[in-house]
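Written out below as structure tokens is the structure these notes cover.
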Amino acid sequence: MSVRIHPSAIIEDNVSIGKDSSIWDNVHIRHSTHIGEECIVGEKTYIAYGVKIGDRVKINAFVYICNAVTIEDGVMISASTTFTNDRFPRATTSDLKHLRPSAPDEHTLPTLVREGATIGAGCTIGNDLTIGRFAMIGMGSLVTKSVPDFHLAMGHPAKSVGCVCRCGQLLKRFPVEGNFDEPEIVCTTCGLKYRITKGEVIELIPPV
């Protein structure tokens, strides 16, 4: 095993970290979390308990990942991104006399980030949603609903404005209104080909 953990990092019990991963300074990883191989967790990032993170995931500095978040392989999460898992949070009971427990309950909702997706710096990610394969979220966006595969979404709230290639380059800007079809789009950077059918982006020949 060649895991690199900075001396200032806090790694709680029952955390699994895959080989060749790096955990940088002042990171806090709570118990029962899994981090895959060849991952990077940037400084001052907090990862709650029970989080599942795949292989070759890049997490930049000052990221907050809460319980009920799953991150698949090859995801990029840029600096100062915050995940959430409760749509109606309260600190106390209705009479203000008792703190509500922090443990997951029926209000704790999941978030899934699919393989290859990128989340730009300073984003806030809602819950009960999925960010699709190789989707890209523009910096500073507020994601309140699911984002389809290969879509580029941005804004407050985030909306799909185009689609991107596996390599990250913009393939096409979407029209302001309505879905549309495109029989073939070729990425000018890497040559991969796609089709758009009613807004759904489909790979024609995925790389092996």
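Using modelled atom types, one side-chain atom of T81 and one backbone atom of G120 make a donor-acceptor pair closer than 3.5 Å. For T124 (side chain) and L142 (main-chain N/O), no donor-acceptor pair under 3.5 Å exists by modelled atom type. A donor-acceptor pair under 3.5 Å is absent between the side-chain atoms of T33 and the main chain of I47, judged by distance alone. Put simply, the side chain of S21 gets close to the backbone of G36: a donor and an acceptor are under 3.5 Å apart. Remark: side-chain polar atoms of S146 are paired, donor with acceptor, to backbone N or O of T130 under 3.5 angstrom. Distance alone, capped at 3.5 Å, is enough to place a donor-acceptor pair between the T84 side chain and the I125 backbone.
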Requested in this report: Before giving the answer on side chain to side chain contact (heavy atoms under 4.5 Å, CB included), spell out for C165 and C190 the whole-Å C-alpha distance, their side-chain angles and the decisive distance to 0.1 Å.
Outcome: CA-CA 9 Å; C165 179; C190 71; 3.4 Å; yes
Requested in this report: Please test T188 against Q169 for side chain to side chain contact (heavy atoms under 4.5 Å, CB included), starting from the C-alpha separation and ending with a verdict.
Outcome: CA-CA 8 Å; T188 57; Q169 294 300 307; 6.0 Å; no
Report task. Go through the steps to decide whether D149 and V201 satisfy the test side chain to side chain contact (heavy atoms under 4.5 Å, CB included), and finish with yes or no. Result -> CA-CA 7 Å; D149 297 350; V201 182; 5.9 Å; no
**Report entry** Audit row: H28, N26, side chain to side chain contact (heavy atoms under 4.5 Å, CB included) steps and yes/no
**Finding:** CA-CA 6 Å; H28 187 172; N26 296 290; over 6 Å; no
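There is no path of hydrophobic side-chain contacts, each under 4.5 Å, that joins I40 to V75. No single ILVMFWY cluster, assembled from side-chain heavy atoms under 4.5 Å apart, contains both V161 and F134. At a threshold of 4.5 Å between side-chain heavy atoms, the hydrophobic network of Ile, Leu, Val, Met, Phe, Trp and Tyr places M76 and L170 in two separate groups. A continuous path of hydrophobic side-chain contacts links I119 to V51 [ILVMFWY only; heavy atoms under 4.5 Å]. Linking ILVMFWY side-chain heavy atoms closer than 4.5 Å, directly or via other members, places I131 and M136 in two distinct hydrophobic clusters.
Under the side-chain hydrogen bond (donor to acceptor under 3.5 Å, both in side chains) criterion, E43 pairs with no residue, sequence neighbours left out. Applying the side-chain hydrogen bond (donor to acceptor under 3.5 Å, both in side chains) criterion to S102, with sequence neighbours excluded, gives no partner residue. For the salt bridge (Lys or Arg N to Asp or Glu O under 4.0 Å) test, residues two or more places apart in sequence or in another chain that qualify with D105 are R100. Checked against salt bridge (Lys or Arg N to Asp or Glu O under 4.0 Å), K44 has the following partners two or more places apart in sequence or in another chain: D25. Judged as a side chain to side chain contact (heavy atoms under 4.5 Å, CB included), and not counting sequence neighbours, K145 has no contacts. In this structure E37 satisfies the salt bridge (Lys or Arg N to Asp or Glu O under 4.0 Å) test with no other residue, sequence neighbours excluded. Residues forming a side chain to side chain contact (heavy atoms under 4.5 Å, CB included) with D13 (at least two apart in sequence, or on another chain): none. Scanning for side-chain hydrogen bond (donor to acceptor under 3.5 Å, both in side chains) contacts around S32 gives N14, with sequence neighbours left out.
Considering all non-hydrogen atoms of both residues, N67 and P104 come closest at OD1-CG, 3.3 Å. Y194 and L171 get closest at one heavy-atom pair: CD1-CD1, 3.6 Å. Between S141 and G155 the shortest heavy-atom distance is OG-N, 3.0 Å. Between V3 and K19 the shortest heavy-atom distance is CG2-CA, 4.2 Å. Of all heavy-atom pairs spanning V63 and S80, the tightest one is CG2-N, 4.1 Å. Residues A117 and V113 share a closest heavy-atom pair of CB-CG1, 3.9 Å.
Residue pairs meeting the salt bridge (Lys or Arg N to Asp or Glu O under 4.0 Å) criterion with at least one member in residues 160-172, sequence neighbours excluded: R166-E203, K172-E182. Residue pairs meeting the salt bridge (Lys or Arg N to Asp or Glu O under 4.0 Å) criterion with at least one member in residues 68-92, sequence neighbours excluded, are E72-R114. Applying the salt bridge (Lys or Arg N to Asp or Glu O under 4.0 Å) definition to pairs two or more places apart or across chains, those involving residues 54-66 are E38-R56. Note on residues 60-110: pairs passing ring-ring contact (aromatic ring centres under 6.0 Å, His included), not counting sequence neighbours, are Y46-Y64.
Classification of the H31-Y49 ring pair by plane angle, with boundaries at 30° and 60°, yields parallel. H151 and F174 have perpendicular rings, their planes meeting at more than 60° on a 0 to 90° scale where under 30° would count as parallel.
Side-chain atoms of C167 and C187, non-hydrogen and from C-beta on, do get closer than 4.5 Å to each other. Within the 4.5 Å cutoff, side-chain heavy atoms of I137 are placed close to those of V147. When side chains are defined from C-beta on, S160 counts as touching P148, because their heavy atoms get closer than 4.5 Å. For the pair I23 and I17, the minimum side-chain heavy-atom distance is below 4.5 Å. Between K198 and D181, the closest side-chain pair of non-hydrogen atoms falls below 4.5 Å. The shortest side-chain heavy-atom distance between C163 and I196 falls under the 4.5 Å cut-off. Using a 4.5 Å heavy-atom cutoff, the side chains of I59 and I53 are in contact. The side-chain heavy atoms of I71 and I65, taken from C-beta on, include a pair separated by under 4.5 Å.
Taking CG of L152 as the reference point, atom NZ of K159 lies at 14.5 Å (rounded to 0.5 Å).
In this structure, R133 pairs ionically with E115, as a charged nitrogen and a carboxylate oxygen lie closer than 4.0 Å.
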